[in-house]
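Remember, it's 1-based here, ligands and their atoms both numbered in the order they're listed. Since we're looking at a predicted model, the values are computed, not measured.
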Amino acid sequence: MIHIERLLEPEILVKNKTEWTEKFIKSEKKRPSNSQYGHPKIRETLYCMSFQKCFYCEKDLKGDSKEIDHYIEVAERKDLAFEWNNLYLSCKLCNGKKIANKSIANSSTLNPCEHTDEEIIKHITFDDENITTVSDSEIGRKTIQKYDLNSIEQNYNRRKEHRIFAKYYIKTIEKMIVEDRKEFDKNELEFLNSFKSKDKPYSLMFKVLLSKIANLTN
Ligand SMILES: [Zn+2]
């Protein structure tokens, strides 16, 4: 999870949300129409906002299923069904877990649209690809639980990216030993730091891991 900067509300919502919301509330339907809140323009804006990644786990969603999630569930607040600030983009896994773990209140977890990366890092950290809490942080623990960020699938996905990073890192250290130098060169640094770029999957994990070797990369 990284901080997501919300882009401007798509025109389609500005124009229609009042009417859509009123009709939805009157209809007594349980779910709003996916063709409305999931309109391609809305989907595209959310997709751009998150650099094509899941808001919760940072999985790359290119070529993957993308689900529009109501941060506050529609069952709780029908009036927020078309509220721009309540629409998030999620991978299938996180959305499913979020619904299954709805007893864990949103207010007791980290919110990518509200918390900064610095705030998130105060509660969630990584040991290689393994996600864990910082000093038994309750908000960190509940966030990991709510989206099941420590599941076999999530660990497997992070491990795939981590392997690329670790392989390069080890190869570079070996090269440095052979060449008898103690510092990374410019290209090596650039490549290592590219993993924590916001448009890369699991960038927060790499931000944490790179900070652990900061004495080498700064
Ligand atoms: Zn996800």
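With no hydrogens or angles considered, no side-chain donor-acceptor pair links E138 and S108 at under 3.5 Å.
The line from OG of S194 to NZ of K200 is 4.0 Å long, rounded to the nearest 0.5 Å.
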Taking only distance into account, with no hydrogens and no angle test, what donor-acceptor pairs under 3.5 Å do side-chain atoms of residues 40-48 form with protein atoms, sequence neighbours excluded?
| residue | atom | partner | partner atom | Å |
| --- | --- | --- | --- | --- |
| R43 | NE | G38 | O | 3.4 |
| R43 | NH1 | K66 | O | 2.9 |
| T45 | OG1 | K41 | O | 2.7 |

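Distances from the Zn ion (ligand 1) under 2.8 Å pick out these protein N/O/S atoms: C54 SG, C57 SG, C91 SG, C94 SG.
The ring-ring contact (aromatic ring centres under 6.0 Å, His included) contacts involving residues 86-114 comprise F55-Y88, Y71-Y88, where partners must be two or more places apart or lie in separate chains. Listed by first then second residue, pairs satisfying ring-ring contact (aromatic ring centres under 6.0 Å, His included) with a partner in residues 115-150 read Y56-Y147, not counting sequence neighbours.
Using a 30° and 60° split on the angle between ring planes, F206 and H162 fall in the parallel class, below 30°.
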